[in-house]
There are 2 protein chains.
Amino acid sequence: MVRLDEVDLRILLALIRDPRIQVSELADEAGVARNTAQSRLRRLQRSEVLREGGRDIDLGVLGYDVLAFVTLEVNHRELDAVITALRQIPNVLEIHETSGRGDVWVRLIATDTHQLQSVLRQILRIKGVTRSETTFALHSHLAYRTAPLLEHYAEHDH
Amino acid sequence: MVRLDEVDLRILLALIRDPRIQVSELADEAGVARNTAQSRLRRLQRSEVLREGGRDIDLGVLGYDVLAFVTLEVNHRELDAVITALRQIPNVLEIHETSGRGDVWVRLIATDTHQLQSVLRQILRIKGVTRSETTFALHSHLAYRTAPLLEHYAEHDH
DNA sequence: CATAAATTTGACCATAATGCTCAAATTCTA
DNA sequence: TAGAATTTGAGCATTATGGTCAAATTTATG
């Protein structure tokens with residue numbers, strides 16, 4: 001498992017904001033010398049915290065091993081408030097309103113099941129949430145990817 | 001809606017592979033002059049096909065408006081074959097094995113419900129898939145994000 | 001089909017960024 | 001506290017960038 005210090009984090013956050021940011025700007029952001037930023041960046045890329053393609057950061061490498069999909073049943077009148085509350089939780093990575101019964105689908109991540117339980121309790125305390133169902137993602141067989149669709153787009157849709 | 005030609009696609013695919021690729025390399029990949037690659041990149045960034053600077057692609061902007069989550073019930077013995085078959089489908093963006101009954105969770109994207117139906121039929125034809133349940137994502141309230149978790153990581157876990 | 005509009009190209013240039021080395025200073029670890 | 005690892009600043013050669021421009025090419029439109 002990879003551990004990050006303040007400098008790594010600042011570099012990662014800057015890269016998320018703008019993946020094409022210059023190394024010299026990274027150095028400024030992180031408050032270190034350009035040389036340092038450059039070697040940190042190299043190390044992050046080698047350590048595979050920074051994934052090749054697909055989505056930005058590999059959170060598994062950082063110790064966030066538990067991934068869960070949570071479906072919430074929500075009182076329609078309070079939907080906006082529920083969404084707002086969910087967004088405040090850093091462990092909530094994604095929120096969609098889904099068909100069915102005005103349900104809400106949430107992607108949750110946690111370091112372990114204990115932390116997950118804690119987050120789930122937090123969610124259930126939100127006013128307007130009437131029920132929840134949690135599904136654990138045991139193993140990822142395909143990480144988010146868009147390349148094949150784009151290649152397909154090239155050959156067909158046009 | 002944004003339309004892409006061959007050059008745009010090659011640039012996007014190269015950026016997905018390596019978001020920090022140089023403009024001159026992009027030009028080579030796409031087989032155009034550096035000047036052209038540079039202006040195409042600018043245009044892609046302006047058009048917001050490229051989200052937040054370069055890493056992620058906004059498929060909605062390209063006309064992929066239908067997002068669905070599909071849960072499959074799978075014959076355990078044929079799980080590997082099912083996964084392999086699913087991966088062949090470009091519209092399948094993500095696959096996770098989930099708890100429950102050895103189920104498989106799939107993120108699907110399509111241009112319209114008609115195309116979605118076609119993909120769903122394709123999935124149901126896969127040997128080993130015994131049942132499926134589709135949930136439509138009507139509206140995204142929070143697109144995949146990791147920054148808040150990283151910031152939280154900075155303040156706590158260390 | 002002809003013309004206007006848009007895009008691409010290659011060339012050029014000044015500036016900035018990069019990758020590299022190195023020795024000294026600093027911080028971390030055992 | 002000694003040794004290891006990291007950071008720093010400086011310098012240097014090479015490459016990338018962003019910009020302009022006129023000519024060539026492609027695309028759109030009447």
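Note on naming: letters A, B, ... go to the chains in the order of the sequence lines (proteins, then strands), and numbering restarts at 1 for each one.
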Taking C-beta and beyond as the side chain, do A/Glu151 and B/Leu9 meet within less than 4.5 Å on heavy atoms?
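No. Closest side-chain heavy atoms not under 4.5 Å.
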Atom-pair distance ([atom1] on [X]; [atom2] on [N]), nearest Å:
| X | N | atom1 | atom2 | value |
| --- | --- | --- | --- | --- |
| A/Gln45 | C/dT18 | CD | P | 12 Å |
| A/Asp28 | C/dA16 | CG | P | 14 Å |
| B/Asp8 | C/dT8 | CG | C1' | 13 Å |
| B/Asp5 | D/dT25 | CG | C1' | 15 Å |
| A/Arg40 | D/dA5 | CZ | P | 15 Å |
| A/Glu6 | C/dT27 | CD | C1' | 17 Å |

Between CD1 of B/Ile16 and CG of A/Leu150, what distance do you get to the nearest 0.5 Å?
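That separation rounds to 5.0 Å.
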To the nearest 0.5 angstrom, please state how far the CD1 atom of B/Ile109 sits from the CD atom of B/Gln115.
9.5 Å
Please list, pair by pair, any protein nitrogen or oxygen found under 3.5 Å from a nitrogen or oxygen in nucleotides 20-25 of chain C.
residue : atom : partner : partner atom : Å
C/dT21  : O4   : A/Asn35 : ND2          : 3.3

For B/Ala147, is there any backbone N or O sitting under 3.5 Å from a side-chain donor or acceptor partner on A/Arg17?
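Such a contact is absent between A/Arg17 side chain and B/Ala147 backbone.
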If you assign each of A/Gln22 and A/Arg43 to its closest nucleotide in DNA chain D, which residue comes earlier from the 5' end?
A/Arg43
Using only side-chain N and O atoms of A/Ser24, determine if any of them is under 4.0 Å from OP1 or OP2 of C/dT18.
yes
Quick one: sort the B/Tyr153 and A/Tyr64 rings into parallel, tilted or perpendicular, breaks at 30° and 60°.
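Aromatic pair B/Tyr153/A/Tyr64 classed tilted.
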Salt bridge (Lys or Arg N to Asp or Glu O under 4.0 Å) with B/Asp8: of B/Arg42, B/Arg3, B/Arg40, only one passes, and it is B/Arg40
